[in-house]
Amino acid sequence: MSETNSSSALSKAYEPAAVEARWFLRWSEEGCFRGDETSAREGYSIVIPPPNVTGVLHLGHVLNNTLQDILARRARQKGFEVCWLPGTDHAGIATQTRVERELKSTTGQSRHDIGREAFLDKVWEWKDKHGGIIIDQLKRLGCSLDWERERFTLDTDYSEWVGHVFCDLFRKGLIHRGRRMVNWCPVSLTALSDEEVIMKPQRGKMYTMRYERVDQPGEFVLISTTRPETLMADVAVAVHPEDPRYRDLIGGHVYRPFPREAIPVIADEHVEIEFGTGALKVTPAHDKADFEIGLRHNLPVIDVLSPDGHINCPAVPELHGIERFAARKRAAELLAEKDLLEKEEDYENNVGFSERADVPVEPRLSMQWFLRYPSVESAKAAVESNEITFRPERWRKTYAHWMDNIQDWCISRQLWWGHRIPVWYRKDQYENLTAAESLDPAAVAQGLLHVATEPPADPENWVQDPDVLDTWFSSWLWPFATFSKVGERSPALEKFYPTADLVTGPDILFFWVARMIMAGYEYEGRAPFRHVYFTSIIRDIKGRKMSKSLGNSPDPLDLIAKYGADGLRFGLLRIAPSGQDVRFDEKQIEEGRNFANKLWNACRFRQMAGENANATDSPATPDAPSVFETDILAKLDTLHTTLEAAYSEYQFNHIAQHLYDFFWRDFCDHFLEAVKGALRDSAPAPRRARVLATIDTVLSRFLPLLHPYMPHITEELWEKLGFGDGTPLMSTALPTGPACSATRDQAAAAAQTAAAIYETASAARRLKADYQLAQNRNVRFLLRPTDSTTPPDESTLTTLALLAGAAAIEPTTTPPDSQAPRLLTPLGELAMPLEGLVDIEAERTRLGKELAKIESEIKKASGKLSSESFVSRAPEHVVEQERQRLAEWQEKQREVSAMLTAFSG
RNA sequence: GCACGGGUAGCUCAGUGGUAGAGCGGCUCGUUUACACCGAGUUGGUCGGGGGUUCGAAUCCCUCCCUGUGCACCA
């Protein structure tokens, strides 16, 4: 311990707030976060999954970013040049909606009232004011991000990448514009990609309607639908060509109820004979499957819904202008009034909802931009061949399935906030170009179209496409567009691409991960990362997803205030199984805090023992280490290798558990208690010095191991105990080489001896507790070695007495008198002589129970061994093990029986 | 419907063929100078049900039930 710090004594309990703030500042000032692309060390990088600028920190972020921080800190300790890159994405719909709402509530204006330019100014204003919130919150968690490299998807350099990629893919013929059925969000007023639609089961009604036959008035065809409000857009009725019920109908006509009009009956294989009535109303404008039928049969398309989900059908004034769900009821009423409603039944079906606005989407025919994905084969092969590994592995299958069935990506959004599509139409040809069913790429050569990152030189003659690109069309470039400009092989890119690990949620496997892999191959020729770790989904204690509306989502900043960032990190990590859902319980975070406090106090205990002058002067102390010291040092070495293996398997919860068990049980409960005697002033100086040195070895090696999980407290203690000579723990390499100098056999023997002592002490405490003597320090015990145990030495007896809280443990060779309660321990028969207090009956019961347990084990073992098939078929070492076990139990049986006999007299 | 997870103590979870575990909770003691955010002791499980393979199954196979996730979706 250095003198400079020994004066600043540790407080009685760990107080995280000040420590955390201080260390974040210190790390920042010392440049610990910076990834240096010119360094000679091997690069290790992670790009953060960019949170939305509108976002605020929730527990999912805490888990995700703590994992990344652990990986980054561990990589630094292992000597890598680490860059963990922060940033945010512009979140088109979410951000625009938010600012629109604010505009409406403050000025009553819509974005159209103030115009595109002015509105975008407002969004930027909002972004500058609120966009940094989540990034600042990550600092509170202690995230060791390379803050100077923070990126935003609408940064100038980044936007250039987005434009460049669009133009490049257009040139390659992968991007096209056309009129197609898309998912339309009537609230956000934009098209969505298939991935942004979430199917949800909905309770609704199945209406069965009657469509009158034209050729046979008074005769009706029954048709089932869940959406009567779209019947005005019916252009046909379809039946299956093989359906005998309707064979004579095919080629004929029926009347659409309103507006009343004859529509043809057609035959199409798509219709399921078994489903409903077997007759399907065909509404090409409002159903994807119907649209396909329409194409096959050359049917017209009638659109009766406005973009915002209201009926647009002046021919039916009762419904015109009515909201779609109100119109559904009204349409059913109208049918009933006309006696065309056969029945109405409860019905459950799946309805697609808009991910952001959480309202049912409308299938809608509209002009959009689509991308046929590039580098699909490379991206597929990368995961198949494990060039990119997924953890848990099972997500590989989900990925492969999606890649095999990959559909074109609708990349245009009818929004203003985002990357505007870099396409300009010749002004005098705008109407023609945009009205066409699809855009002919030849228009570029003809000078009618300008597709480039730079606007045309004569902007007055051109009109730019009004749409912006899907936000994910920018995020998929994140692993390289953050490190370089278009066309530049920057040193940072050379150093940090490909990134090493990606940590994200499986919910954005398609949105982001798969697309990044494709973009990585297409633009860098290589995978963007080597390992993908999919995090758990955090649920509440009842298993429900966390959501704002349920109010079951605790604010991480409150948790940090209550338990400290380290407590939150550790508590959460310890219960987060790999890829399984986590049931969040604040109790677990409390345990994280308790662990921090335990660590703090163990170090405080060390600090109170004072400086180890002796050890500093002559590190090689003459005294041989006790079994306790050999044992704890060997366990420390085991911890080191166990963690190494667990890190390579990304078993974060196991790592936390091992750190916890080692420190709390092995080090505090066992080791420190066993050596407390050596720290008394009365203890021999060399022994005291050696024990202190051992404690220092353990702490100085344990703090680095724990550091990635609990960065602040370990850093603070590292400094307070004077381990670092002023260098932050964060920048200190992990110690190498074993802490324990004993051979493997010596270590194993020490472990066994130490365990026997701990167990014997526990037996002594149990005897005391049974006689309400737990607090009595004057009890004396007798320890009689049995046939298989060797007599304990003096120092073992002293330590046993210390651990048991006894006046003494006295060795004996003769069985104790019949009145003494006793237990069989690994060190022999342990008796607690009492004067007239013994409950003979209780002792008989206790020993009887133990004997019963022993006998059942004997029965089990001898049963196995007497089975011919076991002895002949089980492996020799298993049989041998069983024999030994039987012998051990039999010896115990002899001992305990004898002990029981003592009470029978 | 197809595919993939999970079901182990009251709770949260470890445990992938060889003696069922941890923490929390419950109960009983206790402030002996690191820690009551603590210590000691104790309680608690036919490992979802059934069948099979095996000398031996929480672990492997089949089947059913419950639960979660991804994909598809019939109007």
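Per chain, numbering begins at 1; letters A, B, ... match sequence-line order.
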Q: Tell me, yes or no, whether the heavy-atom count around A/His658 atom NE2, taken from other residues, nucleotides or ligands under 6.0 Å, exceeds 12.
A: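 Result for NE2/A/His658: open.
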Q. More than 12 heavy atoms of other residues, nucleotides or ligands under 6.0 Å from CD of A/Glu348: is that the case?
A.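 For A/Glu348, atom CD is crowded (more than 12 foreign heavy atoms under 6.0 Å).
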Examine [N]: is either OP1 or OP2 under 4.0 Å from a nitrogen or oxygen in the side chain of [X]? Give yes or no.
X	N	answer
A/Lys12	B/A36	yes
A/Lys397	B/C4	yes
A/Arg777	B/U32	no
A/Asn405	B/A72	no
A/Arg765	B/G41	yes
A/Lys768	B/C29	no

With a 4.0 Å heavy-atom cut-off, tell me which residues in [range] come close to RNA chain B, sorted by residue number.
range	answer
residues 223-239 of chain A	A/Ser224, A/Thr225, A/Thr226
residues 589-598 of chain A	A/Glu591, A/Arg593, A/Asn594, A/Asn597, A/Lys598
residues 649-666 of chain A	A/His654, A/Gln657, A/Trp664

Pair assignment for [N], Watson-Crick or G-U wobble, requiring both distances under 3.5 Å:
N	answer
B/U33	none
B/U28	B/A40
B/U59	none
B/G17	none
B/U46	none
B/C11	B/G23
B/U69	B/A3

Closest to side chain of [X], choosing from [options]:
X	options	value
A/His270	B/A75, B/G41, B/U69	B/A75
A/Arg583	B/U12, B/C29, B/G23	B/U12
A/Thr398	B/G41, B/G18, B/G70	B/G70
A/Trp889	B/A75, B/U19, B/C35	B/U19
A/Lys587	B/C24, B/A34, B/A72	B/C24
A/Arg766	B/G39, B/G41, B/A75	B/G41

Under 4.0 Å, heavy atoms only, any strand: does [X] hit a base, just the sugar-phosphate, or nothing?
X	result
A/Lys562	nothing
A/Tyr347	sugar-phosphate
A/Ser762	sugar-phosphate
A/Asp669	sugar-phosphate
A/Asn349	sugar-phosphate
A/Phe510	sugar-phosphate
A/Arg604	sugar-phosphate
A/Asp585	nothing
A/Pro875	base
A/Met199	base

Q) Can you tell me how far C1' in B/C55 sits from the matching atom in B/G50, rounded to whole Å? A)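 So the two C1' atoms sit 23 Å from each other.
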Q) Who are the salt bridge (charged side-chain N to carboxylate O under 4.0 Å, His left out) partners of A/Lys380, not counting sequence neighbours? A)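 Salt bridge (charged side-chain N to carboxylate O under 4.0 Å, His left out) list for A/Lys380, sorted by chain: A/Glu377, A/Asp404.
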Q: Could you list the residues that satisfy salt bridge (charged side-chain N to carboxylate O under 4.0 Å, His left out) with A/Lys288, not counting sequence neighbours?
A: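 Not a single residue meets the salt bridge (charged side-chain N to carboxylate O under 4.0 Å, His left out) criterion with A/Lys288.
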(Q) Measuring from atom CD of A/Glu274 to atom NE2 of A/His240, what distance do you get when rounded to the nearest 0.5 angstrom? (A)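 Going from the CD atom of A/Glu274 to the NE2 atom of A/His240 covers 10.0 Å.
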Q: Can you sort out the partners of A/Phe570 under ring pair (Phe, Tyr, Trp, His ring centres under 6.0 Å), two or more places apart, ordered by chain and number?
A: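 Result, ring pair (Phe, Tyr, Trp, His ring centres under 6.0 Å) vs A/Phe570: A/Phe595.
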Q. Just checking, A/Lys676 and A/Phe605: is the charged tip under 6.0 Å from the six-membered ring centre and within 45° of the axis?
A.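 Pair A/Lys676/A/Phe605 counts as cation-pi.
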Q. Pairs in or reaching into residues 651-666 of chain A: which pass salt bridge (Lys or Arg N to Asp or Glu O under 4.0 Å), with residues at least two apart or in two chains?
A.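 Salt bridge (Lys or Arg N to Asp or Glu O under 4.0 Å) check on residues 651-666 of chain A returns no pairs.
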Where do N or O atoms of nucleotides 57-61 of chain B meet protein N or O atoms at under 3.5 Å, pair by pair?
none

Can you name the side-chain hydrogen bond (donor to acceptor under 3.5 Å, both in side chains) partners of [X], sequence neighbours left out?
X	value
A/Thr283	A/Asp234, A/Lys281
A/Arg296	A/Asp268
A/Lys205	A/Asp346

Q. How long is the line joining CZ of A/Arg394 and P of B/C71, in whole Å?
A.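 Going from A/Arg394 (CZ) to B/C71 (P), I get 14 Å.
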Q | Distance in angstrom units between A/Glu850 CD and B/U42 C1', rounded | A |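 To the nearest whole Å, that distance equals 15 Å.
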Q: Any side chain to side chain donor-acceptor pair (under 3.5 Å) involving residues 873-883 of chain A? Give me the pairs, sequence neighbours left out, ordered by first then second residue.
A: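 Those involving residues 873-883 of chain A are A/Glu882-A/Arg885.
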Q.
Ring centroids only, cut at 6.0 angstrom: are A/Phe390 and A/Tyr399 within range, meaning strictly under it?
A.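 Aromatic pair counts; centres sit under 6.0 Å.
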